[in-house]
Amino acid sequence: MGASLVILYFPAIDSKLLSFDDPDYITHNYVIANGLDRINIVQAFTHRQWGLYIPVTSLSLMLDVELFGMAPRGFHMTNIVLHAIDMALLFLILWRMTGALGKSAAAAALVAFHPMRVESVVWVTERKDVLS
């Protein structure tokens with residue numbers, strides 16, 4: 001399932017940031033755009049971003065800036081990897097809870113490939129959903 005998930009979402013790596021609100025969250029956000037430093041980490045925990053208290057999301061985006069710069073490719077790649085990890089954990093949790101390997105795999109696959117997940121994976125601003 002993991003390889004299929006990466007193959008399905010891989011074309012998103014070459015996508016640009018969406019003009020809807022990605023500039024506000026990413027490129028025009030001085031906290032995110034400056035990457036991980038002490039001041040920005042404190043800002044992530046003490047200030048609301050766009051009316052939301054999302055320090056883990058802010059830290060995740062800052063880490064992307066540190067690793068990949070401001071290129072959209074890095075943000076998209078991180079979202080794909082996080083989604084793959086999420087779905088692997090979902091599968092393992094379901095399998096552990098139920099003992100039903102096939103049903104757990106089917107349920108995790110339905111969540112992983114559901115069209116509603118596409119938005120969360122390919123829209124950088126929805127990192128908070130992928131992280132949750």
Side-chain angles (χ1 to χ4, degrees):
M1 180 174 68
S4 300
L5 187 96
V6 171
I7 290 168
L8 174 71
Y9 288 109
F10 191 76
I13 286 180
D14 291 324
S15 298
K16 296 179 182 175
L17 297 175
L18 296 176
S19 62
F20 179 62
D21 65 354
D22 281 347
D24 295 333
Y25 274 77
I26 312 296
T27 55
H28 299 133
N29 182 338
Y30 70 94
V31 174
I32 302 298
N34 289 328
L36 283 170
D37 65 19
R38 189 181 68 74
I39 294 169
N40 290 344
I41 292 169
V42 170
Q43 286 273 0
F45 284 99
T46 59
H47 292 81
R48 290 182 182 268
Q49 303 275 342
W50 320 278
L52 304 170
Y53 183 70
I54 50 172
V56 175
T57 302
S58 297
L59 293 173
S60 171
L61 293 169
M62 286 184 231
L63 182 60
D64 277 359
V65 170
E66 289 292 322
L67 296 174
F68 309 112
M70 291 299 291
R73 181 178 207 123
F75 296 112
H76 290 299
M77 185 172 61
T78 301
N79 276 6
I80 293 168
V81 169
L82 288 172
H83 184 59
I85 292 169
D86 291 345
M87 294 306 104
L89 288 172
L90 175 63
F91 163 70
L92 292 173
I93 290 167
L94 290 173
W95 185 23
R96 175 78 187 237
M97 288 173 61
T98 66
L101 178 67
K103 290 178 183 178
S104 299
L110 285 171
V111 173
F113 301 115
H114 194 280
M116 292 291 290
R117 298 285 53 100
V118 172
E119 179 181 344
S120 296
V121 176
V122 301
W123 185 11
V124 175
T125 300
E126 284 299 303
R127 172 74 55 89
K128 55 193 170 293
D129 185 49
V130 177
L131 285 170
S132 69

Subject >> Non-hydrogen atoms of Arg117 and Val111 that approach each other most closely >> reply: CG-O, 2.9 Å
Original post:
Sub-3.5 Å donor-acceptor pair from the side chain of Asn79 to the main-chain atoms of Val122, do we have one?
Top reply: no
Original post:
Heavy atoms, side chains only, cut-off 4.5 Å: are Leu63 and Leu36 in contact?
Top reply: yes
**OP:** Considering non-hydrogen atoms only, spot the tightest contact between Ile13 and His76 and give its length.
**Re:** CA-CB, 3.9 Å
Original post:
Closest heavy-atom contact between Asp64 and Gly74?
Top reply: OD2-O, 3.9 Å
Subject >> Straight-line distance of Asp129 CG to Thr57 OG1, nearest 0.5 Å >> reply: 9.5 Å
**OP:** Indicate the atoms forming the closest heavy-atom contact of Asp14 with Arg73, along with that distance.
**Re:** OD1-NH1, 2.9 Å
Original post:
Nearest 0.5 Å, what's the CG-OG distance between Asn29 and Ser58?
Top reply: 7.0 Å
Original post:
Looking at CG of Leu61 and CG of Leu131, how far apart are the two atoms once the value is rounded to the nearest 0.5 Å?
Top reply: 8.0 Å
Original post:
Between the side chain of Ser60 and the main-chain N/O of Val56, is any donor-acceptor distance below 3.5 Å?
Top reply: no
Original post:
Is atom CZ of Phe10 surrounded by more than 12 heavy atoms (other residues, nucleotides or ligands) closer than 6.0 Å?
Top reply: no
Subject >> Of Thr98, Leu90, Ile93, the residue whose pairing with Ser104 passes side-chain contact (heavy atoms from CB on, under 4.5 Å) >> reply: Thr98
Original post:
Which atom names give the shortest non-hydrogen contact between Met70 and Ala33, and what distance separates them?
Top reply: SD-CA, 3.9 Å
Original post:
Does any non-hydrogen side-chain atom of Asn34 lie less than 4.5 Å from one of Val65?
Top reply: no
Original post:
How far apart are the closest heavy atoms of Pro55 and Ala44, and which atoms are they?
Top reply: CB-O, 3.3 Å
Subject >> Sidechain-backbone polar pair: His83 side chain, Val130 backbone, donor-acceptor under 3.5 Å >> reply: no
Original post:
Do Arg127 side-chain atoms and Phe75 backbone N/O form a donor-acceptor pair below 3.5 Å?
Top reply: yes
Original post:
If only atom types and distance count, is the side chain of Tyr53 paired as donor or acceptor with the main-chain N or O of Phe45 below 3.5 Å?
Top reply: yes
Subject >> Single-linkage hydrophobic cluster, 4.5 Å side-chain cutoff, Leu82 and Val124 together >> reply: no
Subject >> Atom pair CD/CG of Gln43 and Asp37 - distance to nearest 0.5 Å >> reply: 9.5 Å
Original post:
Step by step, would you call Tyr9 with Val118 a side-chain contact (heavy atoms from CB on, under 4.5 Å)?
Top reply: CA-CA 8 Å; Tyr9 288 109; Val118 172; 3.9 Å; yes
**OP:** To the nearest 0.5 angstrom, please state how far the CG atom of Leu94 sits from the CG atom of Leu101.
**Re:** 11.0 Å
**OP:** Please check if atom CG in Leu52 has more than 12 non-hydrogen atoms from other residues, nucleotides or ligands closer than 6.0 Å.
**Re:** yes
